[in-house]
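Counting starts at 1 for both ligands and their atoms, following the listed order.
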Amino acid sequence: MADVDIVISGGGAIGTAMALVCERLRYRWLLLDQPVKQHSIGRLGFDLRTLALSPQSIAWLDGLHDNENFPRQRVDRMHIWEQLGTSSIDFLREEVGSDSLAWIAEHSKVVTTLQKQCETHVGSIEAEAIKKIDSAQRYLTLTNDKTVSCKLLLIAEGANSATRRLAGTRWVSQNLGQRAIVTVIETEHTHNNTAWQRFGSGILAFLPLTSPRTYAVVWSVSNRMFEELKSFDDNQFKERMTLASDRICGAVIDVDQRLSFPLNHGLAHTFLPKPWIFILGDAAHTIHPLAGQGMNLGIEDVRGLESVLRACTNTQTISPSQLHTLAQRRRAKAIIMQQLMSLFDSTWRWKNPLSHWFRNFGVRIFSRAPAIKRQIIREAMGFGPMTKVN
Ligand SMILES: Cc1cc2nc3c(=O)[nH]c(=O)nc-3n(C[C@H](O)[C@H](O)[C@H](O)COP(=O)(O)OP(=O)(O)OC[C@H]3O[C@@H](n4cnc5c(N)ncnc54)[C@H](O)[C@@H]3O)c2cc1C
């Protein structure tokens, strides 16, 4: 039987970041990953899956590895507007006195950079999964029948986590009746480090990539609209996106293949099903991508665990009470974020004229209230009080 301090199950960005934290704090760790091979690098040379990461998350991730940093594009301005609206909101990095509002990175490049670093360290990585948990003895049986004992099991297997189910944790999932279409496009005009988001037929986000006319697209649409869009060929899709974006970047002149994801708000009933088992990242919570906060939330989970593990002077005693407090705090934050996303998502759907007037009025007031605007954007950037992790 192998004996380690910490087993991390799931080698996505959150699991690998967690393994590097364990390495830094000198715990003996084992990372289990059953990777699902998904080739998502498109014809235009970019991963079709991208992430908007807060400056806080980027700085913390960069501190975790010695490899060359993964490529990323700085966002200096965000412009948000509405199809039927008379008002819009602009966020500028100068307004918040920061080097950037956010960074756009390709999902696979973030994960491989972290994985490469894990491979050079003393902990080990196995392409196995957990098939049985013995709670009394605190040991795990893997799919190859090996057993491993540990003081702490961290589940970071993403939304469909099987080990979360083995740990007996209920998963409450609210189907949002929408799908996110992701792709990469080239546009007529250069992006000048601007991210665009338009609320209209769905929520359409153009996120600037490292090439000046290239954007990552995240288009959240109703299931009905998805059925229509999925039958479009490239030319029809380009045309529809040019219209849906009000030609704000000129015409869409090229489009890569499309991937799509069903959108859910998922939440584990508890993040600490046993005093020695903690659930984090998408295995604990999933949220609507409209504000690009899913991975940022997962990184906050890892940073919270980092604080708890750092505070243990003796690796024998990973404090269950501190884990309990952290689990409650992280779950409360996930609920707040889900509710905020639901609020944004439902407000823009108000269709009757009075509600519509009210929303435009609200947006106008908001965009003229620099203190509130500044506070909200600082929160999204990872610098606000809600981001507090320990
Ligand atoms: C359309 C879309 C857009 C998004 N945009 C953003 C954004 O702009 N910004 C942002 O912050 N977030 C965004 N997100 C969310 C972000 O992608 C996720 O929060 C993040 O990828 C979760 O990482 P994770 O490591 O927790 O899970 P995952 O990436 O799902 O990784 C889980 C890992 O565990 C492995 N695994 C699964 N089961 C097992 C098992 N039984 N045993 C061992 N290993 C297992 C998997 O193979 C995988 O390697 C977006 C999500 C979507 C759907």
Side-chain angles (χ1 to χ4, degrees), residues 7-19 30-38 40 47-54 56-58 61 72-73 75 78 102-108 110-112 114-115 118 125-133 140 142-144 153-167 176 178-183 195 197 202-203 205-207 216-221 258-266 268 279-302 334 337 341 380-382:
V7 171
I8 304 136
S9 190
I14 298 304
T16 45
M18 196 63 237
L30 168 67
L31 176 66
L32 301 171
D33 190 33
Q34 283 220 312
V36 188
K37 282 281 164 255
Q38 249 189 8
S40 56
D47 190 348
L48 302 169
R49 283 196 65 181
T50 50
L51 296 163
L53 293 170
S54 68
Q56 183 89 313
S57 295
I58 280 278
L61 284 173
R72 76 282 304 264
Q73 170 61 45
V75 179
M78 285 183 211
W103 294 87
I104 312 301
E106 294 163 74
H107 185 268
S108 55
V110 175
V111 177
T112 45
L114 297 173
Q115 278 172 347
C118 280
I125 307 176
E126 288 194 29
E128 297 293 332
I130 296 166
K131 71 173 183 190
K132 196 169 154 222
I133 300 176
L140 313 166
L142 309 187
T143 32
N144 60 2
L153 167 62
L154 300 173
I155 303 175
E157 295 173 0
N160 296 319
S161 168
T163 308
R164 184 187 60 217
R165 281 192 293 277
L166 278 181
L176 300 174
Q178 297 173 40
R179 286 188 84 88
I181 301 171
V182 301
T183 188
Q197 190 169 38
I203 305 171
F206 285 0
L207 309 170
V217 174
V218 183
W219 197 358
S220 309
V221 296
R258 276 80 75 190
L259 297 180
S260 82
F261 301 86
L263 298 182
N264 300 294
H265 276 169
I279 309 175
L280 67 158
D282 272 23
H285 43 69
T286 57
I287 60 168
H288 196 298
L290 75 88
Q293 290 296 318
M295 172 87 87
N296 290 303
L297 262 184
I299 290 172
E300 285 174 27
D301 296 343
V302 179
M337 292 304 285
M341 295 311 118
M381 291 165 66

Within-4.5 Å side-chain heavy-atom neighbours: R258 and V217 = no
Closest approach of any protein heavy atom to atom 27 (O) of ligand 1, naming residue and atom = G158 CA, 3.6 Å
N/O to N/O below 3.5 Å, does that happen between M295 and ligand 1?
-> yes
Could you list the atoms of ligand 1 found under 4.0 angstrom from a heavy atom of G294?
-> 10 (C), 11 (O), 12 (N), 15 (C), 19 (O)
Below 3.5 angstrom, do we get any N/O pair linking G292 and ligand 1?
-> yes
Closest to atom 49 (O) of ligand 1 by heavy-atom distance, out of D33, T16, I104, is D33
In the protein, what heavy atom is nearest to atom 38 (N) of ligand 1, and what distance, to one decimal place, separates them?
-> E157 CB, 3.7 Å
Min side-chain heavy-atom separation R72-L53 under 4.5 Å | no
What residue and heavy atom of the protein are closest to atom 5 (N) of ligand 1, and at what distance?
-> T50 O, 3.9 Å
Backbone N/O of E128 and side chain of T143: donor-acceptor pair under 3.5 Å | no
Could a heavy atom of A156 be found less than 4.0 Å from some atom of ligand 1?
-> yes
At what distance is the nearest protein heavy atom to atom 31 (O) of ligand 1, and which residue and atom is it?
-> G12 CA, 3.6 Å
Check L297 against ligand 1 and report side chain, backbone, both or neither, counting heavy atoms closer than 4.0 Å.
-> neither
Near N296 (heavy-atom distance under 4.0 Å), the atoms of ligand 1 are 11 (O)
The atoms of ligand 1 lying under 4.0 Å from a heavy atom of A13, numbered in the order shown, are 25 (O)
Would you say ligand 1 has an N or O under 3.5 Å from any N or O of A52?
-> yes
Go through ligand 1 atom by atom and flag the ones less than 4.0 Å from a non-hydrogen atom of V182.
-> 1 (C)
What's the shortest distance from atom 47 (O) of ligand 1 to any protein heavy atom, and which residue and atom give it?
-> Q34 O, 2.9 Å
Any side-chain heavy atom of V302 within less than 4.5 Å of one from L280?
-> yes
Do D282 and I14 come within less than 4.5 Å of each other through their side chains, counting heavy atoms only?
-> no
Below 4.0 angstrom from a heavy atom of S9, which ligand 1 atoms are there? Numbered from 1 as shown, please.
-> 42 (N), 43 (C)
Any chance you could measure R49, atom CZ, to T183, atom OG1, to the nearest 0.5 Å?
-> 13.5 Å
Less than 3.5 Å between some nitrogen or oxygen of E128 and one of ligand 1, yes or no?
-> no
M337 side chain near H285 side chain, heavy-atom distance below 4.5 Å = no
Considering only non-hydrogen protein atoms, determine which one is nearest to atom 14 (N) of ligand 1 and report residue, atom name and distance to 0.1 Å.
-> L51 CD2, 4.1 Å
Answer with yes or no whether the side chains of S9 and E157 bring together a donor and an acceptor at under 3.5 Å.
-> yes
Step by step, would you call I299 with Q56 a side chain to side chain contact (heavy atoms under 4.5 Å, CB included)?
-> CA-CA 10 Å; I299 290 172; Q56 183 89 313; over 6 Å; no
Under 4.0 Å between heavy atoms, the region of L32 that gets near ligand 1 turns out to be backbone
Residue-ligand contact G298/ligand 1, heavy atom below 4.0 Å = no
Should L153 and T163 count as side-chain neighbours, where that means a heavy-atom distance under 4.5 Å?
-> yes
Any atoms of ligand 1 less than 4.0 Å from a non-hydrogen atom of A180? List them with their elements.
-> 1 (C)
Would you mind listing which atoms of ligand 1 come within a distance below 4.0 Å of any non-hydrogen atom of G281?
-> 26 (O)
Tell me which protein heavy atom sits closest to atom 3 (C) of ligand 1, plus the residue, atom name and distance to 0.1 Å.
-> P289 CB, 3.6 Å
Where's the contact between R49 and ligand 1, heavy-atom distance under 4.0 Å: side chain, backbone, both or neither?
-> side chain
Take R179 and S260 through the test side chain to side chain donor-acceptor pair (under 3.5 Å) and record every step on the way to the result.
-> CA-CA 6 Å; R179 286 188 84 88; S260 82; 3.0 Å; yes
At their closest point, which heavy atom of K132 faces which heavy atom of L166, and how far apart are they?
-> N-CD1, 4.0 Å
Does I14, backbone or side chain, put an N or O under 3.5 Å from an N or O of ligand 1?
-> yes
Q115 and T16: CA distance, side-chain angles, deciding distance, side chain to side chain donor-acceptor pair (under 3.5 Å) verdict = CA-CA 6 Å; Q115 278 172 347; T16 45; 5.8 Å; no
Rounding to 0.5 Å, atoms CE (M341) and CD (Q293) come to a distance of 6.0 Å
Can you tell me the protein heavy atom closest to atom 21 (O) of ligand 1 and the distance?
-> H107 NE2, 3.4 Å
Evaluate the criterion side chain to side chain donor-acceptor pair (under 3.5 Å) for residue pair S57 and N296; output intermediate values, then yes/no.
-> CA-CA 6 Å; S57 295; N296 290 303; 2.7 Å; yes
